[in-house]
There are 2 protein chains.
Amino acid sequence: MLLSKSCVYGLRASLYLAAREQGEFVPIRKMSDKLEISFHFLTKILQQLTAEGILESFKGPNGGIRLKRTGSDVQLLDIVLAIDGSQLLTECALGLPGCGLKNPCPLHDKWAETRDSIHEMLEKTNLTELVHKGKAENLRLTTEGGFDILFDD
Amino acid sequence: MLLSKSCVYGLRASLYLAAREQGEFVPIRKMSDKLEISFHFLTKILQQLTAEGILESFKGPNGGIRLKRTGSDVQLLDIVLAIDGSQLLTECALGLPGCGLKNPCPLHDKWAETRDSIHEMLEKTNLTELVHKGKAENLRLTTEGGFDILFDD
DNA sequence: GTATTTTAAGATAAAAGGGTCTCATAAACT
DNA sequence: AGTTTATGAGACCCTTTTATCTTAAAATAC
Ligand code: FES
Ligand code: FES
């Protein structure tokens, strides 16, 4: 798989937050219910994103999680790097150490090109952009439900 | 990681075979030594490729493994599909079931495009092509050694 | 200050991927 | 035929990822 499950959950949760009112703290329990992700597992992932300064948390009643920056200021790449790290975008396709530093492998040129296109896609796509699209076309963030599930509280 | 370790080992081994004399059976033990892959693990992977009709095996003394078709007739995609299956090229970037069949996710359009570029790269690259390049520039198939390690018996 | 709501942190368990080992099978040579 | 060389097939183990559970800590409301 391109992205780890943790990373995918992180992306789904971030999109969910970006789709809600800016400034509103959303409890993790609510997110885990809506997005059909295990509460405890999601909690851990959100902790990583909070530690990286992408999300912000608040404890106690009326607490929860929200975006720290605006959705248009968070690129998919930020989330992928925070959770999966940079391996996908730096590693050798044949698993050899030091891609780009040492003598390359036969696949290097072609892979570097493909890898750059992945990098560019992640770097140039922000949350708000996807949320607009998702709202307009009622796309899904979960197995069944459309984007509208985010709003029926 | 884009490709599983098994898949990467399968690719390295296939490149090794394509670089050797067509028709020569190479013992797995020799390959595992040259390519620095565990013998038993490599054996399993090669069995998969043999079952898929990409490689051919022969038991007993002077036996081993060789390509069943010519190197120019084996695309990287064949090996990736045989070992990792088609998930990478068919799955939803957000891990939702039924990408392309059901209502898409917000990332679908962008991911489908990126995914196609991966698909195209794997589909249009054959073993012989990479072997030529590898021989000409003495590229590496292993941590340290160059392509020449394939030939000092 | 006590109860309630919520995140934080860490221990633990289940599942998957990666890797090892053993025995069986086939072919060749003597 | 028996020994040697080699793949085939399966059981087994280790590590990482994924997921769960338990306890702590913080903030609020009363
Ligand atoms: S060295 Fe293999 S992809 Fe760069
Ligand atoms: S539905 Fe998500 S990538 Fe196609």
Side-chain angles (χ1 to χ4, degrees), chain A residues 1-13 16-17 24-68 80 82-85 87-88 91 94-95, chain B residues 1-13 17 24-68 80 82-85 87-88 91 94-95 153:
Chain A
M1 220 181 341
L2 189 82
L3 303 173
S4 72
K5 235 161 180 191
S6 296
C7 190
V8 163
Y9 290 162
L11 286 170
R12 303 230 298 258
Y16 179 87
L17 289 171
E24 172 197 13
F25 282 106
V26 184
I28 299 177
R29 174 68 66 186
K30 183 173 181 179
M31 271 192 269
S32 68
D33 287 351
K34 292 281 185 190
L35 298 173
E36 298 166 13
I37 302 172
S38 142
F39 168 75
H40 290 101
F41 194 38
L42 181 59
T43 296
K44 264 200 200 161
I45 294 161
L46 296 181
Q47 273 171 34
Q48 289 182 66
L49 294 176
T50 302
E52 293 288 332
I54 296 168
L55 304 181
E56 198 170 19
S57 72
F58 197 79
K59 287 182 176 179
N62 306 317
I65 305 278
R66 71 178 176 194
L67 286 179
K68 189 161 187 179
V80 171
I83 298 177
D84 279 354
Q87 299 106 353
L88 176 67
E91 271 185 350
L94 292 186
Chain B
M1 219 180 343
L2 189 82
L3 303 174
S4 71
K5 236 161 182 190
S6 297
C7 189
V8 163
Y9 289 163
L11 285 170
R12 302 229 300 256
L17 289 171
E24 172 197 12
F25 281 106
V26 184
I28 300 177
R29 174 67 66 184
K30 183 171 180 179
M31 270 192 270
S32 70
D33 286 351
K34 292 282 185 189
L35 297 174
E36 297 166 12
I37 302 171
S38 143
F39 168 75
H40 292 286
F41 193 36
L42 181 58
T43 297
K44 257 198 210 170
I45 296 161
L46 296 180
Q47 273 171 33
Q48 290 181 67
L49 294 176
T50 303
E52 293 289 331
I54 296 169
L55 304 181
E56 197 171 19
S57 72
F58 198 80
K59 286 182 175 180
N62 305 318
I65 305 278
R66 72 179 177 193
L67 286 179
K68 190 163 187 178
V80 171
I83 298 178
D84 278 354
Q87 300 106 352
L88 175 66
E91 271 185 350
L94 292 187
D153 284 314

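Just the heavy atoms: all of them, side chains too, but no hydrogens, waters or symmetry mates, feed the values below. Naming: A, B, ... by sequence-line order, numbering from 1 per chain.
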Closest listed nucleotide, where the reference is the side chain of B/Ser57 and the choices are D/dA19, D/dT18, D/dG8:
D/dG8
So A/Lys30 and A/Tyr16, do their side chains get closer than 4.5 Å, heavy atoms only?
yes
Could you tell me the separation between the CD1 atom of A/Ile83 and the CD1 atom of A/Ile54, rounded to the nearest 0.5 Å?
7.5 Å
CD1 of B/Ile83 versus P of C/dG19: gap in Å, rounded?
13 Å
Indicate yes or no: at least one non-hydrogen side-chain atom of A/Ser6 is less than 4.5 angstrom from one of A/Phe41.
yes
Interatomic distance, B/Ile37 CD1 vs C/dT20 C1' [rounded to whole Å]:
15 Å
Counting side-chain heavy atoms from CB outward, which of D/dT18, D/dA19, C/dT22 is closest to A/Ser6?
D/dT18
Taking only N and O in the side chain of B/Lys30, is any of them less than 4.0 Å away from OP1 or OP2 of D/dA6?
no
Choosing from C/dA8, C/dG19, D/dT7, which nucleotide comes nearest the side chain of B/Phe39?
D/dT7
side-chain N/O B/Tyr9 vs C/dG19 OP1/OP2, d < 4.0 Å:
yes
Grab the CZ-P distance between B/Phe41 and C/dG19 for me, whole Å please.
5 Å
Interatomic distance where CG belongs to B/Leu49 and P belongs to D/dT7 [whole Å]:
14 Å
Which is more 5' along DNA chain D, the nucleotide nearest A/Met1 or the one nearest B/Ile28? Just name the residue.
B/Ile28
Is any side-chain heavy atom of A/Val26 less than 4.5 Å from a side-chain heavy atom of A/Lys34?
no
Determine whether B/Asn62 and B/Phe25 make a side-chain contact, defined as any pair of heavy atoms from C-beta on separated by less than 4.5 Å.
no
With respect to the phosphate group of D/dT20, does any side-chain polar atom (N or O) of A/Ser38 fall under 4.0 Å of OP1 or OP2?
yes
Rounded distance (Å) that lies between atom C1' of D/dC21 and atom CZ of A/Arg29
12 Å
Quick check: does any side chain N or O of B/Asp84 sit under 3.5 Å from a backbone N or O of B/Leu3, one acting as donor and the other as acceptor?
no
Closest-nucleotide mapping onto DNA chain C: is A/Gly63 or A/Lys44 further toward the 5' terminus? I mean the 5' end.
A/Gly63
Any side-chain heavy atom of A/Leu2 within less than 4.5 Å of one from B/Glu91?
no
May I have the distance from B/Leu42 (atom CG) to C/dC21 (atom P), rounded to whole angstrom?
15 Å
Whole-Å distance separating the CD atom of B/Glu56 from the C1' atom of D/dA6
16 Å
Which nucleotides of nucleotides 25-30 of chain C have their base under 4.0 Å from a protein heavy atom (B), which only their sugar-phosphate (S), and which neither (-), written as one string 5' to 3'?
BBBS--
Roughly, in whole Å, what's the span from CD in A/Glu24 to P in C/dT6?
13 Å
